[in-house]
Amino acid sequence: MPKLELRGVNAGYGKLQILFDVSFTVPPEKITVIVGPNGSGKSTTLKTIFGLTTIYSGEVLLDGKNIAGLPPHRIAKLGVAYVPQTNNVFANLTVRENLSMATYGLDENQAQDRVEEVLELFPRLRERMGQRAGTLSGGERQMLAIAIALIRRPKLILFDEPTAALAPKIALEILDIIARLRDEYKITVLLVEQNARKALEYGDHAVLLVGGRVAFEGGADELLKHPDLARMYLGLVSSEG
Ligand SMILES: Nc1ncnc2c1ncn2[C@@H]1O[C@H](COP(=O)(O)OP(=O)(O)OP(=O)(O)O)[C@@H](O)[C@H]1O
């Protein structure tokens, strides 16, 4: 049951501090959504958890173990996967080659089983095995990026705007898949989303970041219904409202 907890995290890029005293909990086997205005530090929070920023102080606790300061490959070994917003597949390699790269280090049978497993989740990719990833549609590319992450059987997946730039119908397909990862694969999900309403509808737990600080943490439905926060920061207001 992977549980992630940030405690008083101050972090940034070199000397440029972006996150200020950030604390929140990512409950196991739930979808936690990070929302907030542009530039509020959502992506930086994911990068910080995955060891891609400088942490000045504070703790990142994975099942109670402080992983702050560990390099990304060590964090990955602990069962954490990070799906960045862009450059998340090898564009010049085929779908098959991308999946096969992801099985590096597994024995051949295991590798085949894992690829088969992810293809069951993404039948669309099976039809595209020989196609270069760079020529896939946006939705297919996102599916491939998720498939690559899944091959390692992570316990926790960090998604950075997985539905960005996708047609609404495809975006919902991706969110449905993320919900299945929680329900069928028992994976803990931390999700950054631009489309706050949709993401909060799928999510269980929510964190609102404003200016690199946590402005709210609680139930996703609670934030959706919050009279002031939803309107001020998420643009969630009906036209007649
Ligand atoms: N590699 C970097 N080096 C220096 N500053 C960076 C770097 N990446 C991001 N920043 C800065 O950190 C701040 C927070 O960016 P971040 O991408 O975390 O915000 P965000 O909430 O994800 O925004 P958006 O919704 O626009 O993607 C911004 O001011 C951004 O310019």
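We count ligands from 1, going down the list as the structure has it; atoms in each ligand are counted the same way. Positions are given from 1 along the sequence. Note that this is a predicted model, so its numbers are computed, not measured.
In terms of protein heavy-atom proximity, atom 18 (O) of ligand 1 is nearest to T44 OG1, 2.5 Å. Counting protein heavy atoms only, atom 30 (C) of ligand 1 is closest to I18 CD1, 5.0 Å. Scanning the protein for heavy atoms near atom 17 (O) of ligand 1, the closest one is S43 CB, 3.5 Å. With hydrogens left out, the protein atom closest to atom 3 (N) of ligand 1 is Y13 CG, 3.4 Å, a heavy atom. Of the protein's non-hydrogen atoms, K42 NZ, 2.8 Å is the one closest to atom 25 (O) of ligand 1. For atom 27 (O) of ligand 1, the closest heavy atom belonging to the protein is E161 OE2, 3.7 Å.
Side-chain atoms of T94 come within 3.5 Å of backbone atoms of E97 as a donor-acceptor pair (strictly under, hydrogens ignored). Between the side chain of N66 and the backbone N or O of V60, at least one donor-acceptor pair lies under 3.5 Å. Side chain of K30 to main chain of H205: no donor-acceptor pair is present (N/O by atom type, distance under 3.5 Å, no hydrogens or angles). No side-chain donor-acceptor contact under 3.5 Å links E184 to the backbone of L181.
A salt bridge links E201 with K198; the closest basic N to acidic carboxylate O contact falls under 4.0 Å. The residues R7 and E5 are annotated as salt-bridged, a charged nitrogen and a carboxylate oxygen being separated by less than 4.0 angstrom. Looking at E59 and K65, no side-chain N of the basic residue comes within less than 4.0 Å of a carboxylate O on the acidic one, giving no salt bridge.
By the definition of a contact as any protein heavy atom under 4.0 Å away, atom 9 (C) of ligand 1 is in contact. In this structure, atom 1 (N) of ligand 1 has a protein heavy-atom contact shorter than 4.0 Å.
Looking at N38 against ligand 1, both its backbone and its side chain come within 4.0 Å, counting heavy atoms. Residue contacts with ligand 1 for V192 are absent, since no atom lies close enough (heavy atoms, distance under 4.0 Å).
Side-chain polar atoms of T163 and E193 form a donor-acceptor pair below 3.5 angstrom. No side-chain donor from either of Y82 and N88 sits under 3.5 Å from a side-chain acceptor of the other.
At least one heavy atom of Q194 sits less than 4.0 Å from an atom of ligand 1. Contact between S40 and ligand 1 is present, with at least one heavy atom of the residue lying under 4.0 Å from the ligand.
When the heavy-atom distances from atom 14 (C) of ligand 1 to P37, G12, G39 are ranked, the shortest goes to G39.
Between G41 and ligand 1, at least one N/O pair is under 3.5 Å apart.
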